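Written out below as structure tokens is the structure these notes cover.
Just so it is clear, the model here is predicted, and its values are computed rather than measured. FYI, side chains are in, hydrogens and waters are out, and symmetry mates aren't considered; it's all heavy atoms of this structure.
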Amino acid sequence: MKAFVFPGQGAQFPGMGKDLYDNNPKAKELFDQADDVLGFSLSKIMFEGTADELKQTKVTQPAIFLHSVTTALISDQFHPDMVAGHSLGEFSALVANGTLSFEDGLKLVSQRAMAMQKACEMQESTMAAVLALPDQTVEEVCEGIDEVVVAANYNCPGQLVISGSVKGVEIACEKLKEAGAKRAMILPVGGAFHSPLMEPAREELAAAIEGTNFSEPKCPVYQNVDAKGHTNLNDIKTNLVAQLTAPVRWTQSVQSMIMDGATSFIECGPGKVLQGLVKKIDGGVETGSL
């Protein structure tokens, strides 16, 4: 069975999508539509913008979504048995499997990005990558700190990202190094994604999702919150909202997909980060990209 997976924030690069736009009429149509929906030229920033311009959350998230969804929709190789996305990528996955229309998916991603940006500005916060420690050790260290700091991304065995207040993350990094982490390094991100500090954004996103039309999916989406395959629309909506303040269980999602029959994982979108993570989770499955 084929699983198609969609990347999250961090996969962007200057010039992304220009080859798609120049060489495929359907891709050009989707890029032009995205510019109209957003009310600014996202495609111009993607094609000509600097790495710093692309790094702004309000640009990054729609850019990765647009690149990923276009890659899937223009390909005659896209026949998924199941889909999943890492954080933001979950929205790309839901458009690709027919749950959301392209326009509604893009609007939600844009609203999510703006809401997250606002939440980031309310309190100084950050994230850090922790390498070569068991998940349980990281969780226990975070629980023992009297600040907001939680496990945020379970990327693959031995690679976990923590999220919280700047002070909380700094204290955690020191304690995690003492506990034997190979590295515990602060990441260049705008704020504490997938932590309780995203609560204001969660409320805003919940209202936006409630006002959006969802359709029956063509295949299950394995969601970040519980790492299970879903086709029930109420469950999908609930999990999408919860995702903002809950951890991304990517390791567990990939394991669930393999248990349910996935033998190959195909990445749709910029970069090859997810292929690398899948290989570290289970070296026996095939990986590739569209």
With a 4.5 Å limit on heavy-atom distance, are the side chains of Pro7 and Leu274 in contact? yes
Filter on side chain to side chain donor-acceptor pair (under 3.5 Å), then keep only pairs touching residues 197-212, sequence neighbours left out; what's left? Lys118-Glu204, Glu199-Arg202
Mind checking side-chain hydrogen bond (donor to acceptor under 3.5 Å, both in side chains) for Glu174 and listing every partner two or more places apart, or none if nothing turns up? none
Apply side-chain hydrogen bond (donor to acceptor under 3.5 Å, both in side chains) to the pair Glu29 and Gln33, showing each step before the final yes or no. CA-CA 6 Å; Glu29 196 181 298; Gln33 188 183 345; over 6 Å; no
Please, which pairs that meet salt bridge (Lys or Arg N to Asp or Glu O under 4.0 Å) have at least one residue in residues 122-132, sequence neighbours excluded? none
Taking all heavy atoms of Leu54 and all of Ala63, pick out the closest pair and write down the distance. CD2-CB, 4.4 Å
Quick one: list whatever passes ring-ring contact (aromatic ring centres under 6.0 Å, His included) with Tyr154, sequence neighbours left out. none
Could you check whether any side-chain heavy atom of Asn239 comes within less than 4.5 Å of a side-chain heavy atom of His230, counting everything from C-beta outward? yes
Working note: Leu66 + Phe102, criterion side chain to side chain contact (heavy atoms under 4.5 Å, CB included); need CA distance, chi angles, decisive distance, verdict. CA-CA 9 Å; Leu66 176 56; Phe102 172 74; 3.6 Å; yes
Minimum heavy-atom separation for Thr245 and Met198, please, with both atom names. CG2-C, 3.7 Å
Around Lys175, counting heavy atoms of other residues, nucleotides and ligands shown, do more than 12 lie under 6.0 Å from its NZ? no
Single-linkage hydrophobic cluster Val138~Met127, side-chain heavy atoms < 4.5 angstrom: no
Identify the two heavy atoms, one from Pro217 and one from Ile236, that lie closest to each other, and give their separation to 0.1 Å. CG-CD1, 4.2 Å
Answer yes or no: is there a side-chain heavy-atom contact under 4.5 Å between Val285 and Val278? yes
Are any of the side-chain heavy atoms of Met46 and Phe31 separated by less than 4.5 Å? yes
If hydrophobic clusters are built from ILVMFWY residues whose side chains come within less than 4.5 Å, do Leu176 and Val149 share one? yes
Can you check side chain to side chain contact (heavy atoms under 4.5 Å, CB included) on Tyr222 and Trp250, steps first, answer last? CA-CA 9 Å; Tyr222 284 69; Trp250 188 251; over 6 Å; no
Honestly curious: do Leu100 and Val241 fall in one hydrophobic cluster under the side-chain, below-4.5 Å linking rule? yes
Give the C-alpha distance, both sets of side-chain angles, the deciding distance and a yes or no for side chain to side chain contact (heavy atoms under 4.5 Å, CB included) between Thr287 and Glu267. CA-CA 8 Å; Thr287 59; Glu267 188 163 3; over 6 Å; no
Is Leu197 linked to Val248 within one hydrophobic cluster, defined over Ile, Leu, Val, Met, Phe, Trp and Tyr using a side-chain heavy-atom separation of less than 4.5 Å? no
Can you give the donor-acceptor pairs under 3.5 Å from side chains of residues 161-170 to other protein atoms, not counting sequence neighbours?
from: Ser163; atom 1: OG; to: Ala192; atom 2: O; distance (Å): 3.4
from: Ser163; atom 1: OG; to: Phe193; atom 2: N; distance (Å): 3.4
from: Ser163; atom 1: OG; to: Phe193; atom 2: O; distance (Å): 2.7
from: Ser165; atom 1: OG; to: Glu147; atom 2: OE1; distance (Å): 2.7
from: Ser165; atom 1: OG; to: Gly168; atom 2: N; distance (Å): 3.0

Side-chain contact, heavy-atom cut-off 4.5 Å: Val150 with Pro247? no
Gln243 side-chain N/O to Val225 backbone N/O, donor-acceptor pair under 3.5 Å: no
Mark yes or no for whether Gln159, through its side chain, and Leu131, through its backbone, hold a donor-acceptor pair below 3.5 Å. no
From Thr57 atom OG1 to Glu121 atom CD, the distance as rounded to the nearest 0.5 Å: 9.0 Å
Assess the residue pair Val130 and Arg183 against the criterion (side chain to side chain contact (heavy atoms under 4.5 Å, CB included)); give the C-alpha distance rounded to whole Å, side-chain angles, the decisive distance to 0.1 Å, and a yes or no. CA-CA 6 Å; Val130 182; Arg183 287 173 91 179; over 6 Å; no
Which pair of non-hydrogen atoms, one from Leu240 and one from Ile209, has the smallest distance, and what is that distance? CB-CD1, 3.7 Å
What pairs with Lys228 under side-chain hydrogen bond (donor to acceptor under 3.5 Å, both in side chains), at least two apart in sequence or on another chain? none
Let me confirm one number: the CG-CZ distance from Asp135 to Arg249, rounded to the nearest 0.5 Å. 9.0 Å
Quick one: side-chain hydrogen bond (donor to acceptor under 3.5 Å, both in side chains) partners of Glu53, sequence neighbours excluded? Thr50
Only counting residues at least two apart or in another chain, list the ones meeting side-chain hydrogen bond (donor to acceptor under 3.5 Å, both in side chains) with Lys280. none
Within a strict 4.5 Å, meaning less than it, do heavy atoms of the Phe4 and Leu290 side chains meet? yes
Asp36, CG: over 12 other non-hydrogen atoms inside 6.0 angstrom: yes
Return a table of donor-acceptor pairs under 3.5 angstrom between the side chains of residues 14-27 and protein atoms on other chains or two or more places apart.
from: Lys18; atom 1: NZ; to: Asp22; atom 2: OD1; distance (Å): 3.4
from: Lys18; atom 1: NZ; to: Asp22; atom 2: OD2; distance (Å): 2.8
from: Tyr21; atom 1: OH; to: Asp32; atom 2: OD1; distance (Å): 3.1
from: Asn23; atom 1: ND2; to: Asp19; atom 2: O; distance (Å): 2.9
from: Asn24; atom 1: OD1; to: Lys26; atom 2: N; distance (Å): 2.9
from: Asn24; atom 1: OD1; to: Ala27; atom 2: N; distance (Å): 3.1

Shortest non-hydrogen contact from Leu160 to Ala152? CD2-N, 4.2 Å
State, yes or no, whether a side-chain contact exists between Met116 and Gln61 at a heavy-atom distance under 4.5 Å. yes
For Met1, look at atom CE and say whether over 12 heavy atoms of other residues, nucleotides or ligands are found less than 6.0 Å away. yes
Salt bridge (Lys or Arg N to Asp or Glu O under 4.0 Å) contacts in which one or both residues fall within residues 214-227, not counting sequence neighbours: none
State whether the side chain of Thr137 and the backbone N or O of Leu133 hold a donor-acceptor pair below 3.5 Å, judged by distance alone. no
Is atom NZ of Lys58 surrounded by more than 12 heavy atoms (other residues, nucleotides or ligands) closer than 6.0 Å? no
For the residue pair Leu73 and Ser75, establish whether any side-chain heavy-atom pair is separated by less than 4.5 Å. no
Any donor-acceptor pair under 3.5 Å from Ser110 side chain to Leu106 backbone: no
Ring pair (Phe, Tyr, Trp, His ring centres under 6.0 Å): pairs with one or both residues in residues 271-290, sequence neighbours excluded: none
Using every non-hydrogen atom in the two residues, find where Ser215 and Leu233 come nearest and quote the distance to one decimal. O-CD2, 3.3 Å
Extract all donor-acceptor atom pairs below 3.5 Å that involve side chains of residues 81-96 and protein atoms in other chains or at least two apart in sequence.
from: Asp81; atom 1: OD2; to: Lys2; atom 2: N; distance (Å): 2.7
from: His86; atom 1: NE2; to: Asn155; atom 2: OD1; distance (Å): 2.8
from: Ser87; atom 1: OG; to: Arg112; atom 2: NH2; distance (Å): 3.3
from: Ser87; atom 1: OG; to: His194; atom 2: NE2; distance (Å): 2.7
from: Glu90; atom 1: OE1; to: Asn224; atom 2: N; distance (Å): 2.8
from: Glu90; atom 1: OE1; to: Asn224; atom 2: ND2; distance (Å): 3.2
from: Glu90; atom 1: OE2; to: Gln223; atom 2: NE2; distance (Å): 3.2

Would you kindly confirm whether Phe47 and Phe40 end up in one hydrophobic cluster when ILVMFWY residues are joined by side chain heavy atoms under 4.5 Å apart? yes
